[in-house]
Protein chains: 2
Amino acid sequence: MVIQTKVCIIGAGVSGLRAAHRLLTHPNTPFGASDVIILEAQDRIGGRIKTDTNLSKLGLTYDLGAAWFHDALTNSVLHSSIEDGSFDVRKDGYFNDKDISYYAREIVGKIDALGMKLERVVEDIEKFIEIHFLASLEVPDVSLSEIVSMYMQKYDHFLTDEQKNLCGRMTRFLELWYGISAQQISGKYAVMDHQGRNLYNKKGYAFVIEKLARQIESDILTNEQVKLITRDITGKPYRHMISTVSGTEIGADYLVVTVPQSILALEPDHDYGITWNPPLPSNIHNALKKIHFGALGKVIFEFDEIWWPASEDGFEVLADAENSPKSAEIEGLEIQPFTHPIYIVNYATIKPSAASLVILTQSPVTDYLEKNPTLTWRYMKPMLEKIATSAIHDPINTIVTDWTQNPFARGSYSALHVGDDPSDLIIQLSGEYENCGMGSGSTIRFAGEHTIADGAGCVHGAYNSGERAAEWILKDLSER
Amino acid sequence: MVIQTKVCIIGAGVSGLRAAHRLLTHPNTPFGASDVIILEAQDRIGGRIKTDTNLSKLGLTYDLGAAWFHDALTNSVLHSSIEDGSFDVRKDGYFNDKDISYYAREIVGKIDALGMKLERVVEDIEKFIEIHFLASLEVPDVSLSEIVSMYMQKYDHFLTDEQKNLCGRMTRFLELWYGISAQQISGKYAVMDHQGRNLYNKKGYAFVIEKLARQIESDILTNEQVKLITRDITGKPYRHMISTVSGTEIGADYLVVTVPQSILALEPDHDYGITWNPPLPSNIHNALKKIHFGALGKVIFEFDEIWWPASEDGFEVLADAENSPKSAEIEGLEIQPFTHPIYIVNYATIKPSAASLVILTQSPVTDYLEKNPTLTWRYMKPMLEKIATSAIHDPINTIVTDWTQNPFARGSYSALHVGDDPSDLIIQLSGEYENCGMGSGSTIRFAGEHTIADGAGCVHGAYNSGERAAEWILKDLSER
C-alpha cells in the first residue's frame, strides 16, 4: 500500500529536519503534520550531527560530527538559537581560536612561530594562491602541495631557512578543514574566506536536532533506506513514489532529497545507492563527478590527568618535510606517524580541567584508523609526545569516529580535489537556476551541505539549504 | 621665450621620474632627452620620498617619507629593483611584521593580546565591517569609530570584558595607515586588502629616485613652481603652455601632471595653487571634493642606549577609552598623550642595536607636532614610558618630519573621510576611462599615488601611474 502525503523528505539530518520544520511552521503554510513524511535510513536522526554522552569515562559530551559554529558573524543556526534562548554563547560556547602552538618531530618543544614570523608567511602563501588563481579563469588547478612549492621557489629570497622548512608544512592545516591530503586538495579552492570566528559548541549539536524534531509532529520513519525513486508519474494521485528497502512506499507531490553527496554519487546497483526512474538527469550525474567527498575523522583520548599545556586551545603537530630523514618505522602501522599533520583540540579549555584531547584526522588516516581503531594509540603516541610537558600518559579511554565505515555517511562532507569544480554541483542541486538540476517544472528539490555555496560543508549551510527547499515548495504551491 | 619640448612633466617625485624614464627607455620610443622636461617646485627631487642621512647622531639613515615596500608579492618597484640588482632583499630589506606588542595607559606591561585573543576579535571586527558594507551599495558610510561601536553593540555576547575594553581601541591602528583619526576614517573603505607582506626598505628609498634620475638625461628643473597651465592652445607649435612663478615658460605637446592631490585641490588664487586656463573640467573639480588628504607624520628619537624590548618589531600604545578617567593634563600641550594611538617602529630590529624609535603619528597630532617640534618629547614621553623595560632615557636627538608644513606637500597622501569616494577621482585622473578626466582627445595625463587604485598612496602605485602615463603618450603618438 502506498502511503500518500504531500511532501516526502529523504534524510533526517539538519537539512531535512529544517525543511520539514520550515514547511510546518511557516505562518502561511497550508501543511499540517500529516502532509509531511521524513524517511531516515539509519536508526537515529541527526545525520552527520552526532553528540555522544555515553562513550566518555570522564562524564564528558563529545560531538563526533559537526562541533563548531563556523562563520559566527553570519551563522543562521547560531543566531536563531541565541534568539530563541536555546543557546547562550557565554555559557554554551567557546571561541577556541587562540593562536595554536606548532610542533615538529625534529624540534624540541613548541615552535617559536611568533619569533620566526611563520604565520605571517603562511598568510603570504594564502595571498599568493589567491593572486595566482585570480589572474585568469584559465590558470590550471594544481594541488595545495604544488602551489605551495611554487611560492617557495618564487619567493625564496623573502624567506628565512626556518620559514622555508616550516611554513609549507604549516599550510597543511587545511587538510584538517577538508579532510583530505595536501596532494589532493584543489589549490584553486584551498583558501577559505570565513565570515567570523569559530565558536565551539560546548552544549553539543544534538540540541539543534532535538529542537527541530520536537517541533515537527510529522512522522519521522527511521531504518527506512530509500532504494528507488520513481519520479514524475502521471495518472496517479501523487507525482513521485519513494520505495525503501523494507518495502515502504510513499507517494508525494513534492520530494526533498537530502541524502549525502556520497550516497547520491553511488551507482544505482550499489547496495546503498538509489535507483532513479527515470534516471537522474545527466547534468547532475556529470556534476557529481567533479566533486569528491572528504574524510575528516576524530580520535578522542581521555587520560587520568593533563600532561600537556593546559591553557592552549589547540596544537598542530606538523608532518615531516618530504626530504627529512625517516626514523625507524613503527611496526604494524601501514601509515606512519608524522606523514600527515594532526590538529589537536585541547578539550581542557572547552570543559575546564577535562583531561581529554580531540584529534582531527584526514583521509587516508581517517579511513585507516576508523577501520583499525585498536591501532590509534600506536599511531598517535609519537606525535602526542611532542606536546607533552611532563611524561606522556597512556589513555584511559579511546573513542574513534566511524564516518568512513558508516555506509550511510561514507566519509565527512564534500571536498574539492585538484580539478574539481564545486559550482557545477551547487548550480545543479541548489534549485536556484532555471533549467538546471531536475529541470523547470520539477517538484524535486535537493538540500544538504553539498547543495549550497554559503556554509558549504557546515551545519548552517545544510540548515539554510533545507529552509531554501521548504520556501520553494511553499512558493510553488501558492503559485499553482 | 617659450622653451619648446614634446613632453612636460610637472613633479619630480617617483611618478614623474618614472614617466620620464619610461618615455626615454621604451624600446620603440621616438623621444630623445631634449624632448622631455621635468619641472619640480622644490629644491630637491623625490617628492614624498625623502631619505635623510644627515640628521642622525647615530649615523643612521631614515626615510622621512615612504619607508616600506607594501604589497611585497606584487610590488613593481621592489620586483624591478631585485631584478636589476639594485635591491637585495636579504641585505637591504626587513619584514618587520612580527606580531606587535600592545600597551595601554591603565595596564602595566605588555598587554597579553594572545591570551585574551584580542587580535582574533580585531579580525572579526574587520570582517564585520566588510559584511556590513557589502550588503548593498546603499548602506550609508559611517566613521571607523561608529562602525566599531556597532560591532561592539551587536556582538556584545561574543566578547569578554577585556575584549570589549581593548579591541575597539586596537582598531585605531588604521589611523597610522591613513594618517587621519578614527572619527574621520571612512568605515566603508577602512579595511585594506594587502597583496603580501610589508618589507621595510633599509637601504633608503632614495635609491629608487637616484636610479631613475641617473637614467634620465632630460632637464629636471628644480625650484620651478608651476602657476599657470594654458591648455589646448591652437595656432602655436605646442599644445599646452606651462608657466612657473619664476617666469619659465614651457610649450609642450603632452603634459603629465604629478603634483600631489593636495596641490590639485587648491583654489587657483592660492599661493601654491595652479591656474588652469581653461579651468579644470568640473568632473575633476567635483571629484577632488570627495577625497581628503592625510597627515601621516614621523617622530624619530635617538637615545644613548636601548631601554625598550630590543627584539620586538613594533609597539602600539593605545589611546584611552572614551570613557576612561582622565589623568592630570600635561601643561603646555594642546593635544594630550593617550588621546590618539601611536605606532612605534623599533629601529633596533631594522638596524641591529640602533637605539632609535620611529613613531608614526596621524592628523591632528602630526600637524601639531610638525608645527611645534619642541613639544614632541613632552607629548610622547608618557606613552613611551609604557614600553620601557628599564628607566626611560631622554633622547639625545629628535627628528620631526615637516610634511604638513611643507607648502608643496601639505600632508602625506590621499585619505578617505566618511562619505568620500576614491573611485571618482581615480576614474577622472587615471585616464583609463573614455570621456572622463580631461576628456577624449586631450593630451594631458595625471600621475601620482592619488590617481591609481592598486597601490594607492604607495610608492609602487605612484610608480605604476607614471608608467601608465608614459605608455599612453607613446601609444597616442604612434596612432597619430
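In the text below, chain A, chain B and the rest are named by the order of the sequence lines, each starting its count at 1.
- For A:Asp454, the CG atom is loosely surrounded, since the number of other residues' heavy atoms within 6.0 Å does not exceed 12.
- Across A:Asp99, A:Asp313, A:Asp97, a single residue satisfies salt bridge (Lys or Arg N to Asp or Glu O under 4.0 Å) together with B:Arg120, and that is A:Asp99.
- Chosen from A:Met116, A:Lys127, A:Lys117, A:Glu119, the residue pairing most often with chain B at heavy-atom distances under 4.5 Å is A:Lys117.
- Heavy atoms closer than 4.5 Å to chain B are found nowhere in A:Leu118, neither backbone nor side chain.
- Across A:Val121 and B:Arg197, no two heavy atoms sit closer than the pair CG2-NH1, 3.5 Å.
- The number of heavy atoms from other shown groups lying within 6.0 Å of CG (A:Asp88) is above 12.
- With a 4.5 angstrom heavy-atom cutoff, A:Ile82 touches chain B only via side-chain atoms.
- When all heavy atoms of B:Asp193 and A:Glu130 are compared, the pair lying nearest together is OD2-OE2, 4.3 Å.
- The distance from atom CG of B:Asp124 to atom CD of A:Gln195, rounded to the nearest 0.5 Å, is 10.5 Å.
- Using a 4.5 Å cut-off between heavy atoms, A:Asn198 makes no contact with chain B at all.
- Looking at A:His79, only its side chain comes within 4.5 Å of chain B, counting heavy atoms on both sides.
- With a 4.5 Å cut-off on non-hydrogen atoms, B:Phe158 touches chain A through its backbone and its side chain both.
- Pairing each heavy atom of B:Leu73 with each of A:Phe128, the nearest pair is CD1-N, 3.6 Å.
- For chain A, no part of B:Asp71 is nearby; none of its heavy atoms comes within less than 4.5 Å.
- Here A:Leu114 is the residue among A:Ile125, A:Leu114, A:Leu199 with the most heavy-atom pairs under 4.5 Å with chain B.
- Both the backbone and the side chain of B:Phe95 have a heavy atom closer than 4.5 Å to some heavy atom of chain A.
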